[in-house]
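Input: one structure, supplied below.
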Amino acid sequence: MKALRVSVKAYKEFPRDRRALAFLLLFPVIFVLVFGSATFGVGQLTAPHAVALINEDEGAWILNNTTLEFHNFGEEFIGVMENSTYENSTTPVFLVTKVNRSEADKRIASRNLSAIVTIPPNFSGGVRAQINQTIYTTVSTALVRAVAAGNFTGGNTTGFGNYTLPTLEANVTATVVIEGDFTYSEFATSQAYVQGFVDGFVGAVTAIATDEVLKRLPPPLQQEVDTGSHIDARTYGVPGTEEFQVFDWMAPGLFVFATILVALAVTVWVAREVEGGNLERLKLSRMTTADFLVGLLVPWASLGALQVVLLFATSLLMGFSWQGGAGALLLAVGIGTLSATASVALGLLLVSFVKSERQATSIGPLIIIPIAFLTEAFFPISFTPLVEGSPWGQAVRAMRGMLTFGLPAGDIAQAVGWMAVQTAILFAVAVVVFRRTRLVAE
Amino acid sequence: MPVAIEARGLVKRYGEFAAVDGLSVAVDEGEVLGFLGPNGAGKTTSIRMLAGLTRPSAGEVWIQGKRVDGDGRARRGLVGLCPQNLVVWEHLTCTENLLFLADMYAVRRRESVKSARALIERLHLDERADILAGKLSGGMKRRLNLALALIHDPPIIVLDEPSAGLDPQSRIVVHDFIQDLGATQGKTVILTTHEMDVADRLSKRVAIIDRGKLRVIDSPERLKNTVGEGDTVVLRLKDAGRAEEAARAAAAVEGVRGAVAVSREVRFQSLNAVARLREVYGALEKLGIEVEDASMRKNTLEDVFIQLTGRALREEAVQ
């Protein structure tokens with residue numbers, strides 16, 4: 001009951017303390033408006049490109065002279081990608097990750113990967129078709145040239161080796177699929193590199209096959225010919241991202257950023273109660289630690305929910321194309337509430353060590369703003385433990401995965417679960433520290 | 001009269017410095033105790049320990065015959081504290097302030113509404129009852145500050161300079177209110193103040209603390225009669241030429257100090273001067289010296305205070 005009264009008091013104070021309310025509600029809205037009308041994206045020319053490779057290649061039997069050999073050219077292609085480095089550099093071109101599709105989607109959503117490369121089941125078949133096509137075209141072209149030169153007489157082929165022309169597989173085309181988020185500048189670069197590697201691989205296969213044929217032909221007939229290609233690469237957006245703008249990636253991060261600001265507001269709010277002596281007044285009463293903390297948590301956490309709703313509405317005005325429907329929105333509000341709960345805990349922890357409102361306003365941002373930047377709210381972080389180690393980082397991933405990339409609830413359950421655990425631990429630590437420093441006799 | 005609250009050998013040390021050093025004082029139920037001392041003497045630390053906001057380094061606090069632990073849980077609700085600073089919730093109205101704190105003391109809503117109304121009326125806050133506390137004048141905030149200490153009807157009330165900075169009208173309201181607490185409502189009040197006249201007027205007893213130690217505790221009247229230079233008496237003589245003779249005669253009376261002749265007057269000091277005057281008059285009569293007029297400035301509590309604590313600025317002394 002006393003906790004309820006503490007909450008009611010806070011609800012009364014919120015609209016009357018306009019500065020604090022403006023900081024919490026107006027400031028994030030301005031952020032959304034600013035980022036919504038800005039573009040974003042930076043990259044380095046020689047940085048490795050993190051790509052996921054999904055090899056679905058089933059392999060193919062290939063006749064090498066008289067030996068039938070089984071090859072999985074998908075594996076060989078992956079090996080080429082893994083071992084490639086930039087020219088005159090030891091920096092790898094790709095950081096290759098082999099994961100399943102669901103995991104790859106999640107990492108694309110969090111921008112830990114720039115592209116998903118899927119090697120199709122008929123990739124080796126495509127390579128075989130490419131080899132056969134090369135042999136067939138090269139030999140038949142040489143044959144035509146021999147006839148023209150008068151070297152072909154009555155069914156004998158002077159100077160030609162003794163082998164059978166391979167069967168053409170004209171209908172075989174293996175398509176390597178490159179998928180990613182079109183709003184992510186890094187994807188543009190990565191897909192171009194992958195495309196180049198596919199072309200290079202096809203070129204290498206063709207060159208080897210051509211060499212093998214040409215060295216068996218008499219020198220006058222040794223001429224490379226254009227053999228066409230049975231392997232290509234196509235680029236697609238990850239489902240749901242084709243029409244994305246940069247802001248679509250950013251908006252969910254801003255929702256979480258707003259809830260992180262609750263930590264600063266709580267720090268200032270409670271510091272004011274400490275400095276003014278109000279908390280001491282309450283310490284003399286029958287109010288328990290639980291009354292105070294629950295009473296504090298309920299209004300601030302609900303403010304987090306309000307922030308998400310308000311910023312979502314503002315984002316829609318800025319053209320945020322979201323996915324997932326009402327259920328996802330409801331879940332996003334829940335994630336916002338949980339994120340605000342973690343922020344209340346952080347605020348309590350900070351206010352355990354500051355003695356005045358002035359200290360809170362000067363020290364609080366030094367802690368809170370870096371935390372906000374390490375959540376991937378604004379840009380991807382390559383060192384993922386920094387992101388995954390905080391409830392807000394998990395919140396950004398969950399909310400972005402759901403609202404931007406349309407991941408189903410099951411796919412974000414792990415992030416939400418971790419977030420809940422991290423929040424519970426943070427809150428428990430905050431309660432113990434806050435109680436010892438602020439709610440017992442000095 | 002049973003003891004309401006008692007400090008037994010209370011000590012509070014901050015490193016080597018003892019802010020309070022072995023304070024022992026018992027306050028009876030219904031008594032108003034003036035708790036005086038220079039700045040930095042240890043008053044606030046003492047009352048914080050009594051209220052349960054500061055844990056003593058040594059010593060005990062007993063309330064209504066029971067020892068209470070250091071963190072103040074056992075005394076929750078028994079002690080109402082009016083702090084020296086204005087401690088109000090600025091974004092709540094006067095009424096909301098009072099009702100919220102009453103809720104924290106688990107006072108039933110019907111009772112708290114009644115108490116809040118009574119306090120608001122008694123402290124002349126009725127016209128501003130529904131105004132945000134942050135918009136009240138300093139005097140009104142101080143009255144609200146006082147009301148907040150009483151909303152849960154505690155038997156023991158600790159008032160830390162409740163009328164500091166108030167205008168004369170507000171001081172009258174607050175002082176009458178404090179007097180009423182002890183005299184009519186039977187509350188035990190511990191009152192710290194730098195206004196010696198207020199302590200003299202409102203307190204049944206006065207305790208003077210300095211450098212963390214209790215220097216004296218007694219009724220104001222007895223202190224004024226036993227501590228310090230005493231009352232100052234001025235006798236105006238008919239014959240100016242006999243002033244020196246009269247001063248010598250007065251100085252010969254036991255208990256009279258510093259007798260001097262100034263023009264037609266003889267001035268001297270004495271504790272409980274009223275009792276000494278008869279003897280001085282007798283001595284002058286014997287010499288045939290006639291007194292035209294007499295006046296007396298009574299020994300004040302401030303005189304007692306200065307006598308016990310000295311004239312040096314205490315913040316400097318503490319440093």
Side-chain angles (χ1 to χ4, degrees), chain A residues 1-24 265 268-296 298-300 303 355-357 434-442, chain B residues 12 14 45 48-57 61 68-93 95-97 99-109 112 132-135 141 145 148-149 151-152 154 156-158 160:
Chain A
M1 190 63 179
K2 286 195 280 294
L4 178 67
R5 295 295 181 190
V6 173
S7 296
V8 169
K9 167 186 162 280
Y11 280 123
K12 281 180 181 170
E13 288 174 311
F14 279 159
R16 294 169 185 176
D17 188 357
R18 288 180 190 144
R19 267 189 313 171
L21 204 64
F23 171 73
L24 280 173
V268 172
W269 188 278
V270 180
R272 192 185 300 153
E273 297 259 308
V274 171
E275 187 180 15
N278 305 68
L279 197 64
E280 288 208 322
R281 190 148 235 169
L282 293 175
K283 273 159 71 173
L284 289 175
S285 74
R286 295 182 191 280
M287 182 198 78
T288 63
T289 303
D291 289 330
F292 182 75
L293 294 177
V294 173
L296 189 76
V298 170
W300 287 103
L303 199 65
K355 289 180 178 173
S356 64
E357 192 176 348
F434 183 75
R435 186 179 180 280
R436 280 189 185 170
T437 55
R438 294 284 174 242
L439 289 178
V440 294
E442 293 168 0
Chain B
K12 185 63 187 180
Y14 295 100
T45 307
R48 284 178 65 84
M49 286 193 284
L50 289 171
L53 288 172
T54 297
R55 199 182 290 268
S57 306
V61 175
V68 291
D69 61 352
D71 75 357
R73 271 184 217 169
R75 71 198 88 177
R76 281 182 175 178
L78 294 175
V79 179
L81 175 66
C82 173
Q84 189 176 338
N85 298 331
L86 298 173
V87 181
V88 297
W89 283 276
E90 304 251 328
H91 295 291
L92 297 183
T93 66
T95 307
E96 287 170 346
N97 263 279
L99 294 181
F100 168 65
L101 196 59
D103 288 335
M104 294 303 104
Y105 280 102
V107 180
R108 287 167 189 259
R109 186 39 76 104
S112 64
L132 295 183
K135 294 187 175 173
K141 276 187 191 170
N145 195 37
L148 284 165
I151 187 65
H152 61 293
I156 301 161
I157 300 151
V158 179
D160 194 359

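Just so you know, these numbers come straight off a predicted model, no measurement behind them. Below, read A as the first sequence line, B as the second, and so on, with proteins coming before strands; counting in each chain starts at 1.
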Closest non-hydrogen atom pair between A:V6 and B:F100, with its separation: CA-CE1, 3.9 Å

field: Which atom of A:R281 lies closest to which atom of B:L81, heavy atoms considered
entry: NH2-O, 3.1 Å

query: Can a salt bridge be assigned to the pair A:E280 and B:R48 using a cut-off of 4.0 Å between side-chain N and carboxylate O?
result: yes

Exercise: identify the closest heavy-atom pair between B:A106 and A:R286: CB-CD, 4.2 Å

- prompt: Quick one: are B:Y105 and A:M287 in side-chain contact, heavy atoms under 4.5 Å?
  reply: no

- prompt: When rounded to the nearest 0.5 angstrom, what distance separates CD in A:E13 from CH2 in B:W89?
  reply: 9.0 Å

- request: Without swapping roles, check the side chain of A:N278 against the backbone of B:V88 for a donor-acceptor pair under 3.5 Å.
  value: yes

- line: If one checks every heavy atom of B:N145 against chain A at 4.5 Å, the contacting part turns out to be both

Contacting moiety of B:L92, where chain A heavy atoms sit under 4.5 Å: both

- prompt: Below 4.5 Å, heavy atoms only, C-beta onward: do B:V79 and A:L284 meet side chain to side chain?
  reply: no

field: salt bridge (charged side-chain N to carboxylate O under 4.0 Å, His left out) partners of B:E96, counting only residues at least two apart
entry: A:K12, A:R16

statement: B:R109 meets the side-chain contact (heavy atoms from CB on, under 4.5 Å) criterion, sequence neighbours left out, with A:R5, B:L99, B:D103, B:S112, B:V113

